[in-house]
Amino acid sequence: MLEGKAIIGEIDMLKTMQQDALDLVSRALDFFDVTEATGIAYFIKKAFDRTYEPGWQCIVGTDFGSFVTHCYGCFI
């Protein structure tokens, strides 16, 4: 597992969902190399779709730009 601390810039999500997201990131990093951003994103997205209903988006990486809209309470 990659050791370290997540840095979260913006949050609009319940604490329980935040913790689920962080736990999923930790598990994804157990399964994938840190450079496999697509695999990590797919793993997290599918887990959130199963737990919290379909429609989630997940962006993973170090060099990207994005603009996304979100439902209230569903952004981390």
Side-chain angles (χ1 to χ4, degrees):
M1 181 171 113
L2 186 67
E3 296 296 325
K5 184 174 181 173
I7 299 170
I8 301 169
E10 297 289 328
I11 302 171
D12 177 15
M13 183 181 277
L14 295 172
K15 291 281 186 193
T16 54
M17 290 175 85
Q18 290 176 40
Q19 191 57 56
D20 285 347
L22 293 174
D23 292 344
L24 282 168
V25 169
S26 179
R27 280 197 288 161
L29 291 172
D30 286 341
F31 292 120
F32 298 95
D33 186 86
V34 71
T35 61
E36 297 177 85
T38 302
I40 294 167
Y42 184 81
F43 179 88
I44 296 166
K45 183 232 185 315
K46 288 301 181 184
F48 256 69
D49 281 350
R50 281 191 304 275
T51 304
Y52 299 107
E53 301 298 322
W56 288 88
Q57 302 300 314
C58 184
I59 302 168
V60 174
T62 58
D63 187 21
F64 58 86
S66 66
F67 178 84
V68 297
T69 59
H70 68 282
C71 296
Y72 177 76
C74 299
F75 180 82
I76 185 170

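Everything numeric in this text was worked out from a predicted model, so none of it was measured. Hydrogens, waters and symmetry mates are skipped; everything else that's a heavy atom, side chains included, is used.
Applying the 6.0 Å contact sphere to OH of Tyr42 captures no more than 12 heavy atoms from other residues, nucleotides or ligands.
Across all non-hydrogen atoms, the minimal contact from Glu36 to Asp33 is OE2-N, 2.7 Å. Across all their heavy atoms, Val60 and Cys58 have their closest contact at CG2-SG, 3.8 Å. Closest approach of Ala28 to Ile40, counting heavy atoms only: CB-CG2, 4.0 Å.
The same ILVMFWY cluster, assembled from side-chain heavy atoms under 4.5 Å apart, contains both Phe43 and Val34. Note on Leu29 and Ile76: same hydrophobic cluster, where clusters join Ile, Leu, Val, Met, Phe, Trp and Tyr whose side-chain heavy atoms are under 4.5 Å apart, directly or indirectly.
Contacts of Asp49 classified as salt bridge (charged side-chain N to carboxylate O under 4.0 Å, His left out), with partners at least two apart in sequence or in another chain: Lys45. Remark: Phe75 engages His70 in a ring-ring contact (aromatic ring centres under 6.0 Å, His included) (not counting sequence neighbours).
If you take NZ on Lys46 and CG on Leu24, they are separated by 14.0 Å, rounding to the nearest 0.5 Å. The CG atom of Asp23 sits 11.5 Å away from the CD atom of Gln18 when rounded to the nearest 0.5 Å. Atom CD1 of Ile59 sits about 11.5 Å away from atom CD1 of Ile44, to the nearest 0.5 Å.
Panel note: side chain Asp12, backbone Cys74; no donor-acceptor pair is recorded below 3.5 Å.
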